[in-house]
Amino acid sequence: MYGLVVENAKVCFDDNIVTCSIGIDGGKIRKIAKIIKGEETYDARGLLALPGAIDTHVHFRDMEQEEKETWVTGSRSALYGGVTTVIDMPNTSPPTFDRDSFDMKLAIAKNSSMIDFGINAGVSTDLDELPRLWKKGAMAFGEIFMAKSTGGFNVDEDTLRDALRMISKMGATASIHAEDEALHEELKKALKNDTSPSVHSQMRPVESEINAVMGAIRLVKETRVAMHLTHISTAKTIELIKGEGITCDVTPHHLLLHMKHWDKLGARAKMNPPIRHDREINALWEGVNDGSIDVLASDHAPHTKEEKDTDVRSAPSGVPGVETMMPLMLKAVYDRKLSLKRLIDMASENPARIFGIEGKGRIQEGYDADIMFVDMSAVKMITAADLHSKAGWTPFEGFEGIFPVAVMQRGNILLDGKEFYAKRGDGNFLRGKGYRPHSIKGMKKMLAGRSGK
Ligand SMILES: NC(=O)N[C@@H](CC(=O)O)C(=O)O
Ligand SMILES: [Zn+2]
Ligand SMILES: [Zn+2]
């Protein structure tokens with residue numbers, strides 16, 4: 001007898017979809033079988049049960065940027081999109097560069113987040129902080145900016161090399177934003193009289209990412225660090241990293257937005273790396289399908305409408321996307337642009353494996369009961385009015401999506417049709433592999449204090 005049994009759920013095992021029951025106790029999946037008895041039951045007839053998505057790249061802002069997003073609004077938005085775990089990026093204000101800023105963010109996230117979360121540590125010139133942040137439980141290091149993006153925290157090559165050496169030694173993963181700052185500076189000057197919105201794509205051309213990726217590959221060879229390239233956007237990136245032991249992710253916006261969207265969206269289409277031509281987009285879809293792209297991530301980067309609806313040079317870069325990521329990609333499954341199995345691999349299984357998140361990412365006995373329930377026939381038009389990010393807009397206005405009808409986290413139904421049960425603080429902090437409860441020095445101090453009593 002299990003505390004809760006999900007009945008009649010359609011679960012994807014390898015390439016087969018099987019109708020079964022899921023027995024849940026203590027927040028974990030204990031048994032999967034045809035028929036299971038439970039104290040309570042949840043009828044999932046007609047619905048697919050997919051593992052909750054793990055979005056390894058979000059910017060939930062908060063602190064000094066509450067106007068853009070908070071952990072409450074960001075995590076709520078994630079939940080409505082079937083995302084049950086997020087990893088937050090360090091280019092916040094204040095940036096997550098040291099123990100104090102890490103603790104500050106952690107305290108806010110613990111109080112606010114409705115879903116489970118990891119916190120990444122940033123890399124600044126103060127490299128001594130890296131091992132300390134790792135011990136605090138940072139999930140990974142990054143995104144590390146090779147070029148300026150929101151916040152402007154790019155590091156030079158020497159700092160990056162030293163940082164990667166340390167990250168490698170610690171056994172952590174480095175997540176890299178690969179663009180070439182020097183090339184951007186040059187092109188900014190050359191294109192200074194161009195006022196068209198699409199100039200942003202010209203100022204950060206494919207060569208920018210390619211140069212940076214080549215540099216990153218050299219650094220992997222030197223430092224042997226576990227490297228993950230985030231939000232890749234070019235055909236050549238996929239080709240270059242083949243066989244190099246580097247993992248990567250792609251965003252829905254690089255798969256679904258084209259150069260032609262500049263006309264419709266203006267500066268709302270501005271993000272880094274920028275939107276590209278069909279040649280790159282087609283290669284990204286190929287990478288999605290042949291498995292050379294490991295992960296799907298949103299790079300949820302909320303900015304207010306007021307900030308975005310201005311000229312392209314002054315508007316900040318970034319688009320919200322945590323809530324639309326799975327709906328857009330489930331619609332892509334519906335349209336046969338990728339298989340359901342591939343989507344699950346990219347959105348749940350691979351993120352957990354690459355970032356070392358134990359017990360998540362699969363519908364399997366022993367795993368957390370993080371489950372989204374989906375009616376594949378419920379295609380809906382996406383509109384900002386229905387979304388929950390503080391940003392209040394979406395670059396995917398008018399696109400079609402398939403939103404989850406219910407979402408469960410560790411066995412608790414947090415969203416069910418129109419009912420929303422999640423509360424702030426429901427989310428657990430997921431510690432990275434380097435977490436240590438006390439430093440040896442702290443332990444000695446503690447013991448000394450005790451014996452003195
Ligand atoms: N992607 C973006 O254009 N912006 C991100 C930063 C980043 O991921 O580079 C942001 O934090 O706004
Ligand atoms: Zn980035
Ligand atoms: Zn980002």
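In each ligand, atom 1 is the first atom listed, and ligand 1 is the first ligand listed.
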Ignoring hydrogens and angles, write down the donor-acceptor pairs under 3.5 Å from the side chains of residues 80-90, residues two or more places apart or on other chains.
unit_1	atom_1	unit_2	atom_2	d
Asp88	OD1	Phe60	N	2.8
Asp88	OD2	Lys105	NZ	2.7

Ignoring hydrogens and angles, state whether a donor on the side chain of [X] or [Y] is under 3.5 Å from an acceptor on the partner side chain.
| X | Y | answer |
| --- | --- | --- |
| Thr150 | Asn91 | no |
| Asp98 | Ser101 | yes |
| Ser196 | Asp194 | yes |
| Thr251 | His231 | no |
| Ser314 | Asp311 | yes |
| Glu69 | Ser389 | yes |

- Query: Which residues and atoms, counting only protein N, O or S, are under 2.8 Å from the Zn ion (ligand 3)?
  - Reply: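 Listed by chain and number, the nearby protein N, O or S atoms are His57 NE2, His59 NE2, Glu143 OE2, Asp299 OD1.
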List the atom pairs, with distances to 0.1 Å, where a side-chain N or O of residues 414-428 and a protein N or O form a donor-acceptor pair under 3.5 Å, not counting sequence neighbours.
unit_1	atom_1	unit_2	atom_2	d
Asp416	OD1	Tyr42	OH	3.0
Asp426	OD2	Lys423	N	2.8

- Message: Whether Glu222 and Arg218 form a salt bridge (side-chain N of Lys/Arg under 4.0 Å from carboxylate O of Asp/Glu) is what I want to check.
- Response: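 No.
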- Message: With a 4.0 Å heavy-atom cut-off, what residues sit around ligand 1?
- Response: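 Lining ligand 1: His57, His59, Arg61, Asn91, Glu143, Phe145, Ser149, Thr150, His177, His231, Met271, Asn272, Asp299, Ala301, His303, Ser317, Gly318.
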